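All chains are named by letter (A, B, ...) in the order of the sequence lines, taking the proteins before the strands, and each is independently numbered beginning at 1. The figures here come from the full heavy-atom set of this structure, side chains too, leaving out hydrogens, waters and symmetry mates. Bear in mind that the values here come from a model prediction, so they are computed numbers and not experimental data.
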Amino acid sequence: MPRPDAPSWIVVGRTDGGVVAALLDADGAETGRHPLTASDLPGWVAEREAADAPRWVWNDTPQWYASLLRAGVRVGRCHDLRLCHAILRSSAYVVRGAMRGAGGWDAAPFVAVADSAPALFDLDGAERPAGPPDDLDEVLAEFARQRGAVASSADPSRLRLLLAAESAGALIAEELRAAGLPWDAAAHDRILVDLLGERPPGGGQPEKLAAAAARVRAALGDPTASLDSQPKLLRSLHRAGVLVESTSRWELAEHQHPAIDPLLEYKKLARLLSANGWAWLDEWVAGGRFRPVFVPGGVVTGRWASSGGGALQLPRQLREAVRADPGWKLVVADVAQLEPRVLAAMSSDTALAAAARGRDLYAGIVESGAVPSRQQAKIALLGAMYGATTGESGRLMPRLRRAYPRAMGLVDDAARTGEDGGVVSTWLGRTSPPPSEAWAAAQSQATEAEASGADETRARRWARDRGRFTRNFVVQGTAAEWALAWMADLRSRLHAMPPVVEDLAASRSGPVFARRPHLAFFLHDEVIVHAPASLADSAAQAVTDAAAAAGRLLFGDFPVDFLLDVHIADSALKG
DNA sequence: CTCGAATGCGCG
DNA sequence: AAAGCGCGCATTCGAG
């Protein structure tokens, strides 16, 4: 329980003398300062965290939190000035000029040299991302600027929610990296050997990959055909009478030729080897953990990106290698049709929300009679959110508009705004970037008297492209906000669980995560929690409860639910 | 040699 | 070659 005079915020930054923490009351007024050194920072933070549970304010979460976690110190809440700056400087909710005067806050996030990929060692100091300002005065000034921008904004409570969620995401991203995803390198190796053959000692092609290549060359009657160079492969195929325009899988699959099957097999195996083969295993898995770099807010819509390791592209093929430590379990949970549910809520479309309640949303649409089959419901709804105009998806749109006019109206409006050069915002106030100068120039040029037909065609195409982007932005971005709220709530629930007493010395997740369930992976609408076996059921319940809480936090009493598929297992392989 | 574009495929 | 959004990464290849 915080003391009555406990600081609401503690701002950390650097001065000439070292690290200084400034204590702020609830109104943002400074009540004291505390000088620190790099070495006594973790202990002091742990003390203040336990006593006051403040919101920690810093320029850039990785710059501070990575070393705190290494020292065994977890914090509950923070305000990440870099991430919040990015939201506020472009949010349509913020009044013009409120963020004026900020310098250096558009910097890329700090990259720690010791933790970074080998390539970064080659960069000199000038090239390595150094992060935003960390000087205490600049940090305090930016924090004041941001508080002012929120207070004077069109919707302070939504923006506060967004900034808190974004900052929680920053903590979670560091914790995910610190804990890592439990990865069984031996299981991974078995999958590789099974599909590719033994790892060739000298490099080179594994046996089964080479065999597939040989079958392709035999079928093409071309013993030297190159399979890895697209232009050369295309010529070989043409010589053999396979008249494709590309070498992509789905076009090849439309042709009949003895070379096609082995070629598709070869491409599949070659992809596995180059993307997630032994080299990947050597580089990215150590000590039983895959530790990717998650990049919160890395996508314009607010989704996370990743950098290194391909964290967001792990093939389903390899899920079997994600294995809980001995004595632990994995809780794997994903949301069914997150984006359509979010769309129903943000548009207050009670009919769409009713179709989704307690069941597969596409089945609900079929039951309502809007379209005849689940497949059509899925194609139509995805088309509505992505802006499909042709094909089956385009043909089904009118039926969807009749059945769900509010939901369809929301995405149609967003598209129209984008086509007209406007900006759109998510539910909590993240705003799309304005059109590029080239885009605007193309539009105005097309309206001039001497505009050519080509000018007009290009302008229209660009306008439609941008419409599809803004159409999707509002839904994808709000879904990202829901996911942040889900994870933030889940993180608190997991930390509130009583730590297990049994000796789980085998845990390789580090001091902060050794005795409690903790998040281990996140992918847009899915989380993996690594939990001591005795707490796995509680962790699964927490995942479900957090989803309900996130729905209420964003959408209040609006009757939409977020249906989860939750599994408890030793591996992340899904049935 | 480095760098960017193009291609293809993995994920949501 | 996708129709229809958002990404990252490996590979090849031509330009400088």
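- A heavy atom closer than 4.0 Å to some atom of DNA chain C occurs in Arg468(A), Phe469(A), Asn472(A), Gln476(A), these being the qualifying members of residues 459-477 of chain A.
- Asp282(A) is linked by a salt bridge (Lys or Arg N to Asp or Glu O under 4.0 Å) to Arg199(A), counting only residues two or more places apart in sequence or in another chain.
- In this structure, the CG atom of Leu343(A) is 14 Å from the C1' atom of dC5(C), given to the nearest Å.
- A cation-pi arrangement is present between Arg458(A) and Trp462(A) under the rule of less than 6.0 angstrom and at most 45 degrees off the ring axis.
- The separation between Leu234(A) atom CG and dA1(C) atom C1' is 12 Å, rounded to whole Å.
- Among residues two or more places apart in sequence or in another chain, the salt bridge (Lys or Arg N to Asp or Glu O under 4.0 Å) test is passed with Asp261(A) by none.
- Note: His530(A) and His518(A) have perpendicular aromatic rings, judged against thresholds of 30 and 60 degrees for the angle between ring planes.
- Under a 3.5 Å cut-off, the side chain of Arg177(A) and the backbone N or O of Arg291(A) do form a donor-acceptor pair.
- Scanning for side chain to side chain donor-acceptor pair (under 3.5 Å) contacts around Arg401(A) gives Asp412(A), with sequence neighbours left out.
- Under the side-chain contact (heavy atoms from CB on, under 4.5 Å) rule, Tyr93(A) has a single partner from Leu428(A), Leu88(A), Leu162(A), Leu159(A), which is Leu159(A).
- Thr301(A) has no side-chain polar atom (N or O) that falls below the 4.0 Å cut-off from OP1 or OP2 of dC5(C).
- Look at the P atom in both dA6(B) and dA1(C): the space between them is 13 Å, to the nearest Å.
- Contact annotation: the side chain of Leu318(A) never approaches that of Phe290(A) to less than 4.5 Å [non-hydrogen atoms, C-beta and beyond].
- Less than 4.0 Å separates DNA chain B from at least one heavy atom of each of the following residues of residues 249-270 of chain A: Arg249(A), Lys267(A).
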Strand DNA chain C in bracket notation, Watson-Crick/G-U under 3.5 Å with | for pairs to another chain: ....||||||||||||

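- Side-chain atoms of Val342(A) and Phe562(A), non-hydrogen and from C-beta on, do get closer than 4.5 Å to each other.
- In terms of the salt bridge (Lys or Arg N to Asp or Glu O under 4.0 Å) criterion, Asp189(A) has no residue partners (sequence neighbours excluded).
- Pro340(A) places none of its side-chain heavy atoms less than 4.5 Å from the side chain of Tyr404(A).
- Residue-level contact check: Leu382(A) touches neither bases nor backbone, having no heavy atom under 4.0 Å from any strand.
- A gap of 32 Å separates the C1' atoms of dG4(C) and dC3(B), to the nearest Å.
- Put simply, the side chain of Leu314(A) reaches to within 4.5 Å of the side chain of Leu181(A), judged on heavy atoms.
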Per-nucleotide protein contact string for nucleotides 8-16 of chain C (B base, S sugar-phosphate only, - none; heavy atom under 4.0 Å): BSSSSS---

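- Under the rule for a salt bridge (Lys or Arg N to Asp or Glu O under 4.0 Å), the partners of Asp489(A) that lie at least two apart in sequence or sit in another chain are Arg493(A).
- Within the 4.0 angstrom heavy-atom criterion, no nucleotide atom of any strand lies near Val244(A).
- Applying the side-chain hydrogen bond (donor to acceptor under 3.5 Å, both in side chains) rule to pairs touching residues 202-213 of chain A yields Gln205(A)-Tyr266(A), sequence neighbours excluded.
- Heavy atoms of Gly387(A) sit under 4.0 angstrom from primed sugar atoms or phosphate atoms, though from no base atom.
- If you take NE2 of His524(A) and C1' of dC5(C), they are 12 Å apart, rounded to a whole angstrom.
- Shown here are the side chain to side chain donor-acceptor pair (under 3.5 Å) partners of His524(A), two or more places apart in sequence or in another chain: there are none.
- dC5(C) atom P lies 14 Å from atom CE of Met397(A), rounded to whole Å.
- With a heavy-atom cut-off of 4.0 Å to chain A, the contacted part of DNA chain B has its first and last nucleotide at dT7(B) to dG12(B).
- Taking 4.5 Å as the limit, some side-chain heavy atom of Leu554(A) sits within range of a side-chain heavy atom of Trp427(A).
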